Amino acid sequence: MAKKTNLSDEEVTALLMTSPVTVCEWLQQGMLHVHIDVGGRRQFNLQDVHHFAREQSIGLSRPDRGKLRILIVESDRRISQLLMNLFDTSSGTLEVCAVHDAFEAGRKMLAFRPDVVLLDFHLPRHDGFEICRRIKTDPASHGVRIIALTRTDDVALKQRILMAGAEACVPKPLSSRMLFETIGLSFEPRVQGDCLQ
């Protein structure tokens with residue numbers, strides 16, 4: 001059987017383990033190329049997507065690995081437990097682990113090998129920028145997606161966080177819907193309210 005060379009929006013989103021919004025942003029910035037077929041549908045060339053992923057140091061999904069692995073690095077144990085409970089709704093497709101400091105995070109990066117890290121940028125006694133840089137400069141983890149969890153509204157600081165290697169900044173209090181969409185997961189709320197305090 002011939003190998004598939006053209007991908008749909010949904011397939012690219014899954015392959016790059018990101019959200020449709022992020023793919024649209026990359027398209028608008030001219031970072032990712034797309035072709036429109038005769039039916040008006042967007043088609044992505046598989047080689048172009050692989051080239052883009054290499055240039056941006058983005059890890060591609062590994063269907064053979066099964067579940068998407070998410071490592072939560074959050075100093076507030078109450079928030080990390082809320083996140084664990086939130087992701088438990090998707091336990092068939094996710095494997096989630098939580099740690100509370102940089103030392104534990106370093107050990108779990110090796111043992112758990114996450115696809116996505118939700119990183120509290122305000123860990124006590126540790127620099128979130130340094131943690132982010134270490135993950136992105138290590139050949140074993142440079143493709144891991146980092147999503148920063150932060151209480152700041154400072155645009156310049158958010159830009160620094162992105163330049164350090166984070167893919168996105170999700171503000172606290174956390175919106176469950178925004179967090180799921182940023183990761184690229186569908187969100188189906190079980191209870192009223194969307195914020196994790």
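Quick note: residue numbers are just sequence positions, from 1. Not measured: the values here are computed from a predicted model.
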Pair Leu71-Leu118, side-chain contact (heavy atoms from CB on, under 4.5 Å): steps then yes or no: CA-CA 6 Å; Leu71 175 62; Leu118 302 181; over 6 Å; no

Ile146 versus Gly165, closest heavy-atom pair with distance: CB-O, 4.3 Å

Check: Glu11 main-chain N/O paired with Ser8 side-chain donor or acceptor under 3.5 Å: yes

Note, Leu174 side chain near Val170 side chain (heavy atom, < 4.5 Å): yes

Modelled atom types, side-chain donor and acceptor of Thr150 and His122, under 3.5 Å: yes

Any Leu46 side-chain heavy atom under 4.5 Å of Asn6 side chain: no

Close side-chain approach of Asp101 to Leu123, heavy-atom, < 4.5 Å: no

Least distance between heavy atoms, Ile161 atom then Cys169 atom: CG2-SG, 3.6 Å

Heavy-atom side-chain contact between Lys172 and Glu74 under 4.5 Å: yes

Where Ala102 and Ile131 come nearest, the two heavy atoms and their spacing: CB-CD1, 3.7 Å

From Leu86 atom CG to Ser176 atom OG, the distance as rounded to the nearest 0.5 Å: 4.5 Å

Ile72/Met84 under side-chain contact (heavy atoms from CB on, under 4.5 Å): CA gap, chis, key distance, verdict: CA-CA 8 Å; Ile72 301 164; Met84 291 288 288; 4.0 Å; yes

Student check: side-chain heavy atoms of Leu179 and Phe87 closer than 4.5 Å: yes

Distance in Å, Asp154 CG paired with Leu157 CG, rounded so as to fall on 0.5 Å steps: 5.0 Å

Backbone N/O of Val155 and side chain of Gln159: donor-acceptor pair under 3.5 Å: no

More than 12 heavy atoms of other groups within 6.0 Å of Met31 CE: yes

Contact summary for Ala168 and Thr182, nearest pair of heavy atoms: CB-CG2, 3.7 Å

Val96-Ile147 co-clustered via ILVMFWY side chain contacts under 4.5 Å: yes

Pairwise distance CZ(Arg113) to CD(Glu95) - rounded to 0.5 angstrom: 12.0 Å

More than 12 heavy atoms from other groups under 6.0 Å of NE2 on His35: yes

Cluster link Leu83 to Leu94, ILVMFWY, side chain under 4.5 Å: yes

Pairwise side-chain contact, Pro171 with Arg151, heavy-atom cut-off 4.5 Å (strictly under): no

Whether Lys136 side chain and Val144 backbone form a donor-acceptor pair below 3.5 Å: yes

Contact check, side chains of Leu149 and Phe121, non-hydrogen atoms, under 4.5 Å: no

More than 12 heavy atoms from other groups under 6.0 Å of CD on Gln29: yes

For the student: nearest non-hydrogen atoms of Leu16 and Trp26, plus distance: CD1-CZ3, 3.6 Å

Salt bridge (charged side-chain N to carboxylate O under 4.0 Å, His left out) partners for Glu167, two or more places apart: Arg145

His142 side chain to Thr137 side chain, donor-acceptor N/O pair below 3.5 angstrom: no

Residue pair Val117 / Pro114: nearest heavy atoms and the distance that separates them: CG2-CG, 3.9 Å

Test item: Asp120 side-chain N/O and Val73 main-chain N/O as donor-acceptor pair under 3.5 Å: no

Side-chain ion pair, Arg134 and Glu130, N-O less than 4.0 Å: yes

Value rounded to 0.5 Å, distance of CD1 in Ile70 from CZ in Phe112: 8.0 Å

Under 3.5 Å donor-acceptor, His126 side chain and Pro124 backbone: yes

CE-OG distance between Met109 and Ser141, expressed to the nearest 0.5 angstrom: 4.0 Å

Step-by-step side-chain contact (heavy atoms from CB on, under 4.5 Å) determination, Leu68 to Ile183: CA-CA 10 Å; Leu68 181 71; Ile183 296 171; 4.1 Å; yes

Pair Arg69 + Asp115: basic N to acidic O under 4.0 Å: no

Derivation of the side-chain contact (heavy atoms from CB on, under 4.5 Å) call for Asp9 and Val34: CA-CA 10 Å; Asp9 283 48; Val34 68; 5.6 Å; no

Partners passing side-chain hydrogen bond (donor to acceptor under 3.5 Å, both in side chains) against Glu25 (at least two apart in sequence or in another chain): none

Between CG on residue Leu7 and CZ on residue Arg42, distance to nearest 0.5 Å: 13.0 Å

ILVMFWY cluster, Leu162 and Met178 together (side-chain gap under 4.5 Å): no

